[in-house]
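Report on the structure given below.
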Amino acid sequence: MNEQWRLLKTEDNSAFNNMAIDRAVLVASSKGKVPPTVRFYTWKPPAISIGYFQSLNEEVDLDACKNLGVEYVRRITGGGAVFHDKELTYSIVISDSNPKVPKNVLESYRRICGAVIKGLKHLWIESKYAPINDIIVNNKKISGSAQTRKLKTVLQHGTVLMDVDVDKMFMLLKVPNEKIKDKLIADVKQRVTSIKHVSGNNVSFNDAADAMKTGFEEEFGIELVNGSLTNMEIDLTKKFERECFSTNEWNYRR
Amino acid sequence: MQSKSVYKIPNGKLLKIFLDYDNENKLINNISITGDFFAYPEESIDIMEKKLKDTLLTRENLLEKINSVIKRYKIEFIGLDAEGLVEGILRCLK
């Protein structure tokens, strides 16, 4: 029988809540309290997450966020700023001693992205891994990921674009050079795609999550079993939301 | 003196350095290393920033200091490297 991992589906959470859940699962996993966990989630309202090393003021137009009702949060993972709107976000939390995940960081990106690639195949989309942390379809980015390793545990989360609004994205994100902003937007429109653009269909969150579930099961040779957060994780989520992700100290630290 | 640089690491990520330095002695007062790179463990960048204080702003000095911190704290960069970090810092002087 295949090893069983936990599957969580949590739709429509706030930015602070989403980042607090990922961190809570990481801590619970590091204490051996929960099995390896894959979560599929969405963001409500839409939100921008920035990488751990990014400067909030440098990357995000905070006035535009306020005007458009978009939240923002700093992640515990590195990487770039992401506008989370019409997408499926995944996270995987697993002990770094589990043989299913390579010790080498880049190899583990490839392996976990392999699960997303297999998931996309179940939506009739052929994609491939583009190092360091992207997945592309016909040379256009459809997914980006970020990984951290803490407490002897791997957390990788990433986005799978269901649809994309590049114009809105650039209302919210700052660009290094305003003079070439129009050209930059045109470039990004050429370089980014989504499930809707490739397949021509509106795929629901549940259908995309089902496809991704199968992708993870195939890639890792495991069975994903529906579960929910433990009481310990719920308490940790509240604590991290309150003491970390909702604070200015955290979000403006760079 | 305060300065900023934006430097795309060859085959890597976009590095943005905020530098506060003494223009006479060419010493670093304060540095903030930001960007969309990855570093493991993440806290090592805070250590790197602290260790770079009072470092002389020459290529040799910076590279030596950065490499020694990388070695001591077993830092693993993805999308960033010591040479790129040095280049980003020196571009703040231009």
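Within every chain, numbering begins at 1; the chains are lettered A, B, ... in the order of the sequence lines, protein sequences first and strands thereafter.
- Between chain A and the residues B/Ala39, B/Gly79, B/Pro41, the most heavy-atom pairs under 4.5 angstrom are made by B/Ala39.
- The side chain to side chain contact (heavy atoms under 4.5 Å, CB included) with A/Phe16 is formed by just one residue from the set A/Val73, A/Thr247, A/Thr237; it is A/Val73.
- With a 4.5 Å cut-off on non-hydrogen atoms, A/Gln147 touches chain B through its backbone and its side chain both.
- For A/Ala146, the parts lying near chain B are the backbone and the side chain together; criterion is any non-hydrogen pair under 4.5 Å.
- For the residue pair A/Thr148 / B/Glu42, a side-chain donor-acceptor distance below 3.5 Å is found, with atom types taken as modelled.
- The closest side-chain donor-acceptor pair between A/Thr77 and A/His157 falls under 3.5 angstrom.
- For A/Arg75, no part sits under 4.5 Å from any heavy atom of chain B, backbone or side chain.
- Proximity to chain B (any heavy atom under 4.5 Å) is shown, for A/Ile50, by neither the backbone nor the side chain.
- A cation-pi arrangement is absent between A/Arg110 and A/Tyr129 under the rule of less than 6.0 angstrom and at most 45 degrees off the ring axis.
- Between B/Tyr40 and B/Tyr73, a ring centre-to-centre spacing not shorter than 6.0 Å is recorded.
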